[in-house]
Amino acid sequence: MDRQYQRLGDILIAQGLINAAQLKEVLKLQTEKGLALGKMLTRERIITEEALARALAFQKSLDLVDLSEYDISMHAAALVNEEVARRYKIMPIDFDEGKLVVAVANPLDVHAIDSMKMITGYKIETVVATETSIEEAIGSYLVGPSQIQETVEEAAKDNEDEKLQMDALDFDEDDGVPVVKLATMILTKAFRERASDVHIECGEKIISVRYRVDGVLREEMTIPRHLKALLVSRIKIMAEMDITERRLPQDGRVGLEIDGKNIEFRVATLPGLYGENVVLRLLTGGKTLIKLESLGMSQGMLAKCRVALSRSHGALLVTGPTGSGKTTSLYGMLNELNKADRKIITIEDPIETPMAGLNQMQINRKAGLDFAQGLRAILRSDPDIVMVGEIRDFETAQIAIRGALTGHLVLSSLHTNDSASAITRLVDMGLDAYFVASSVQCIVAQRLARILCPYCKLPVDAREGKERLANLGYDHDGDEPTLFAPKGCRKCQNTGYHGRIGVFELLLIDEEIGKLCVEGASSAQIKQAAIANGMQTLLADGLSRAAQGLISIDEVQRVIF
């Protein structure tokens, strides 16, 4: 049979990428969700985008192209605009004997290919690329700094009548207003470049716009200071804030549709010396729920974590500084626990990811609902599992610990540098050491480290790598590993890194650790006892990731020390 008529599922099974049971399960989900089979398989993380693209190329007898390595023709790319390219997930990349070569994520989408033929006037030659690489190519070739700069200049010229501009800011769909367009472009670009936060900061002479990507801030653009009032007011209108109040901090939310996805931004304003500063946090509501095994824990840690989650009562704490991925880990654990025979209630500030099957409560301090008050109400509602977004004070800690002692499994986060410090932190809050030792079952400390870009990372000299590992106390126990360092390429926007992975430390509270806690031992003494019992520290886990070639030694030192 011609392979073009083979079903995609059969091809994937023949290639050993999925089995018949997985195909049956995904086909059932496909019927419920109404998505294409390939989209469902990548969304559920059963196969990678690269594997899907390879199978689609095989099915249609087409070439598979890696756009990160392809020298894309600017003349070909210029034949379509950004809107068309994103709508059809298609990217013109070259010419071949009078035909226009276009990369598509879905070669079965005949409508997209026919539309491209009508728009460009060329006969089309199709190749296959991953959806992510097409989006990145669109961002690189069809959306550039020049477009934003043009919008900034247009807004600066249009600023002569500020009152007229302020009146126009309230029209959500008025793309003709330059500042409206500029605000939307800033947020859209942030989403497409995988930023977690957008910082708009008013200086003495300029407005600085910075994105936090993979945990590190970088300056993205500067804007003339005289646009400050217009830009900040536009964002405040989008977030339904009071634009007349500029002396007090405010909070709000902005919802935007970007590339067919509903994206939400949490907005916070802060008065400064030269005007209001704005920080927008991209929330994860539109993303696929992360699975516990996707957090990045080693198999040994994952098994211990699952043992703690299988218990009917007790407290499991996730610790680390702000931005270390604690909330993501908690959602991964809730995703694991979310079953029809369990009642799970959460109290969060804010609710970042709505989850079906959970009862999620939002903190509302203006109405008098804080963590402590909400937790009291939750424990009267017959839950099996409770998740408290963060333990910040004695009252919340006391109620959570009592809940863990009275038959509930309690998950929460705490701000400490390592797992052992969480015990002493709870005692310092005023909790009885005996209750802490009796209720807390497991503590996970974590950091997020940037993953080396697989397309451009460079091997480190073997001797230098061995010395650096030895200086940090790493025992490679066997073959000497090859370390890598960042370089930078178009794929990773010349940073040398792409994405982040968790670095973990898991402390189980056994009889010995509990005894030390009751005796008032320091966090250092508790840590030493845990290490003697086989606990892998954050540093050891980070160095293990470096030895695997996933992260650099410099990155380990940056996030741990």
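We count residues from 1, following the sequence as given. Only this structure's heavy atoms are used, side chains among them; waters, hydrogens and symmetry mates stay out.
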### Query
Within the distance-only criterion (no hydrogens, no angle test), does the side chain of His498 pair as donor or acceptor with the backbone N or O of Cys492 below 3.5 angstrom?
no
### Task
May I ask you to decide if Lys39's main-chain N or O and Thr42's side chain share a donor-acceptor pair within less than 3.5 Å?
yes
### Task
Give the intermediate values and the outcome of salt bridge (Lys or Arg N to Asp or Glu O under 4.0 Å) for residues Asp510 and Lys515.
CA-CA 9 Å; Asp510 56 18; Lys515 184 179 179 182; over 6 Å; no
### Task
Give the minimum heavy-atom separation between Gly403 and His408, together with the two atoms involved.
O-ND1, 3.0 Å
### Task
Give a yes or no on whether a salt bridge exists between Glu276 and Lys228, defined as a side-chain N under 4.0 angstrom from a carboxylate O.
no
### Message
If you compare all heavy atoms of Ser413 against all heavy atoms of Gly389, which two are closest, and at what distance to 0.1 Å?
### Response
OG-O, 2.6 Å
#### Entry: For Ser552, all residues meeting side-chain hydrogen bond (donor to acceptor under 3.5 Å, both in side chains), sequence neighbours excluded
Tyr497
### Query
So, the side chain of Glu505 versus the backbone of Thr537: is there a donor-acceptor pair under 3.5 Å, distance only?
no
### Query
Do Leu414 and Arg425 come close enough that some side-chain heavy atom pair is under 4.5 Å?
yes
### Query
Under the side-chain hydrogen bond (donor to acceptor under 3.5 Å, both in side chains) test, which residues partner Asn277, sequence neighbours left out?
none
### Message
Give me each pair satisfying side-chain hydrogen bond (donor to acceptor under 3.5 Å, both in side chains) with a member in residues 305-316, each pair once, sequence neighbours excluded.
### Response
Glu293-Arg306, Arg306-Glu336, Arg311-Gln441
### Query
Within the side chain of Glu219, is there an N or O that forms a donor-acceptor pair under 3.5 Å with the backbone of Tyr211?
no
#### Entry: Straight-line distance of Arg500 CZ to Leu550 CG, nearest 0.5 Å
15.5 Å
### Gln22: side-chain hydrogen bond (donor to acceptor under 3.5 Å, both in side chains) partners, not counting sequence neighbours
none
### Task
Look up atom CD in Glu390 and atom OG in Ser412, then write down how far apart they are to the nearest 0.5 Å.
7.5 Å
#### Entry: Note: Arg210-Glu220 ion pair, threshold 4.0 Å (strictly below)
no
### Query
Does the Asn338 side chain pair with the main chain of Leu334, one donor and one acceptor, at a distance under 3.5 Å?
no
### Query
Step by step, would you call Gln548 with Phe484 a side chain to side chain contact (heavy atoms under 4.5 Å, CB included)?
CA-CA 9 Å; Gln548 295 168 21; Phe484 291 87; over 6 Å; no
### Message
If you define the side chain from C-beta out and look only at heavy atoms, does anything of Met535 sit under 4.5 Å from Ser419?
### Response
yes
### Contact summary for Thr328 and Leu295, nearest pair of heavy atoms
O-CD2, 4.1 Å
### Query
Does Lys343 offer a backbone N or O that forms a donor-acceptor pair with the side chain of Asp384 under 3.5 Å?
yes
#### Entry: Backbone N/O of Asn417 and side chain of Ser421: donor-acceptor pair under 3.5 Å
no
### Query
Going by atom types alone, do Arg365 and Gln373 pair a side-chain donor with an acceptor below 3.5 Å?
no
### Message
Any salt bridge linking Lys466 with Glu464? Criterion: basic side-chain nitrogen under 4.0 Å from a carboxylate oxygen.
### Response
no
### Query
Rounded to the nearest 0.5 Å, how far apart are CG of Leu426 and CD1 of Ile391?
6.0 Å
### Task
Using atom types as modelled and distance alone, determine if a side-chain donor or acceptor of Glu395 lies under 3.5 Å from a backbone N or O of Phe371.
no
### Task
Using a strict 4.0 Å threshold on nitrogen-to-oxygen distance, state whether Arg192 and Glu135 make a salt bridge.
no
### Donor-acceptor contact below 3.5 Å, side chain Ser438 vs main chain Tyr434
yes
### Message
I'd like to know whether Val232 forms a side chain to side chain contact (heavy atoms under 4.5 Å, CB included) with Arg246, so could you lay out the CA-CA distance, the side-chain angles of the two residues, the decisive distance to 0.1 Å, and finally the verdict.
### Response
CA-CA 10 Å; Val232 173; Arg246 301 179 181 179; over 6 Å; no
### Message
For Met301, is there any backbone N or O sitting under 3.5 Å from a side-chain donor or acceptor partner on Gln299?
### Response
no
### Message
Testing the basics here: between Val267 and Ala239, what is the closest heavy-atom pair and its distance to 0.1 Å?
### Response
CG2-CB, 3.9 Å
### Query
Which atom names give the shortest non-hydrogen contact between Ile526 and Ala420, and what distance separates them?
CG2-CB, 4.0 Å
### Task
Decide, yes or no, whether a salt bridge links Glu264 with Arg266 under the criterion of side-chain N to carboxylate O below 4.0 Å.
no
### pair Leu187-Met238: side-chain heavy atoms closer than 4.5 Å
yes
### Task
Kindly indicate whether the side chain of Ile223, heavy atoms from C-beta on, has any atom under 4.5 Å from the side chain of Val209.
yes
### Query
How many angstroms lie between atom CD1 of Ile363 and atom CG of Leu369, to the nearest 0.5 angstrom?
5.0 Å
### Task
Indicate whether any N or O donor in one side chain lies under 3.5 Å from an N or O acceptor in the other, for Ser544 and Asp541.
no
### Query
Taking only residues two or more places apart in sequence or in another chain, which ones pass side-chain hydrogen bond (donor to acceptor under 3.5 Å, both in side chains) with Asp242?
Thr244
#### Entry: Nearest non-hydrogen partners of Ile509 and Cys442, listed with the distance
CG1-N, 4.3 Å
### Summary
d(Ile385 CD1, Leu316 CG) to nearest 0.5 Å is 11.0 Å
### Task
Please round to the nearest 0.5 Å and tell me the distance separating atom OG of Ser381 and atom CD1 of Ile345.
4.5 Å
### Message
Please list all pairs meeting side-chain hydrogen bond (donor to acceptor under 3.5 Å, both in side chains) that have one or both residues in residues 446-463, counting only residues at least two apart or in different chains.
### Response
Ser329-Gln446, Arg450-Glu555
